[in-house]
Amino acid sequence: MPVGPLRSGGRGPYIVPLTFSWQDDRLVFHAARIGRKLDLIHRKGRAAFEIDLHSEVVVAAQACDWTVRFASLVGSGPIRILEDEDEKGRALEVLMRHNRHTGPLEIPVAAVRGTAVFKLQIEEMSGKCNDLEWFSQVVNRNKDNDELSSSSGGGG
């Protein structure tokens, strides 16, 4: 399995797995303040994402009758690195809550300063779901937990 961003022919696509959350109609990500992700953001200023919302294997009597229930989203748009420490702190709080942190949140100033936070404004998005009834049940069961957006996403 490759480690780090993948490149095709030296021009892209670049695939970088990330943890994300949703804030102000944008996807929010965080990373170290140096590295491939930030280099790509500075160079390209745009990113694509792919999110697997849920999946469930459906076992059948015969192997070829097995299937997977799923829902996924793909999209793209401009991405920017947040510089304002207050805005970064709020975004990090959203990420922490999104990933199930339930206690008090006091993010140290050093952590805010030492973390890169960026937002992707979604300009285009499409999705696919192969079992709408199943997905509706998942949404209703988990809407209080915000589980629909707790998966990993990829920026590229």
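Sequence positions, counted from 1, serve as the residue numbers for this chain. Excluded from the calculations below are hydrogen atoms, water molecules and symmetry mates; all remaining heavy atoms, backbone and side chain alike, are included.
A distance-only check finds a donor-acceptor pair linking the side chain of Lys88 to the backbone of Val112 [under 3.5 Å].
Val94 and Ile81 fall into different hydrophobic clusters, where Ile, Leu, Val, Met, Phe, Trp and Tyr side chains are chained together by heavy-atom contacts under 4.5 Å. No single ILVMFWY cluster, assembled from side-chain heavy atoms under 4.5 Å apart, contains both Val74 and Leu27. Connection of Leu73 to Trp22 is established within a shared hydrophobic cluster, with ILVMFWY side chains joined at heavy-atom distances below 4.5 Å, either directly or through further cluster members. Clustering ILVMFWY residues whenever any of their side-chain heavy atoms sit less than 4.5 angstrom apart, transitively, puts Met125 in a cluster other than the one holding Phe70. Hydrophobic clustering (ILVMFWY, side-chain heavy atoms < 4.5 Å, transitive): Leu38 and Phe49 are in one cluster.
Nearest heavy-atom pair, Ala32 versus Ala116, reported as atom, atom and distance to 0.1 Å: O-CB, 3.5 Å. When every heavy atom of Ser72 is checked against every heavy atom of Asp52, the shortest pair comes out as CB-OD1, 3.8 Å. The nearest pair of heavy atoms linking Ala111 to Thr115 is O-OG1, 2.7 Å. In plain terms, the two heavy atoms of Gly89 and Ile107 that are nearest each other are O-CD1, 4.1 Å. Of all heavy-atom pairs between Trp134 and Ala71, the closest is CZ3-N, 4.4 Å. Looking at every heavy atom in both residues, Ala31 comes nearest to Phe118 through CB-CE2, 3.8 Å.
Counting heavy-atom neighbours within 6.0 Å of Glu133 CD, excluding the residue itself, gives a total of 12 or less.
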Fill in: Full working for side chain to side chain contact (heavy atoms under 4.5 Å, CB included) between Asn130 and Thr67
CA-CA 10 Å; Asn130 72 340; Thr67 190; 4.3 Å; yes
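Salt-bridge annotation for Glu87 and Arg80: present, with a side-chain N of the basic residue lying under 4.0 Å from a carboxylate O of the acidic one.
Once rounded to the nearest 0.5 Å, the distance linking CD of Glu85 with CG of Leu92 reads 11.0 Å. Remark: Arg36 CZ to Arg43 CZ distance equals 7.0 Å, nearest 0.5 Å. Taken to the nearest 0.5 Å, the NE2 atom of His30 stands 6.5 Å off from the CG atom of Leu95.
The shortest side-chain heavy-atom distance between Val117 and Val28 falls under the 4.5 Å cut-off.
The aromatic rings of Phe20 and Phe29 sit tilted relative to each other, their planes meeting at an angle between 30° and 60°.
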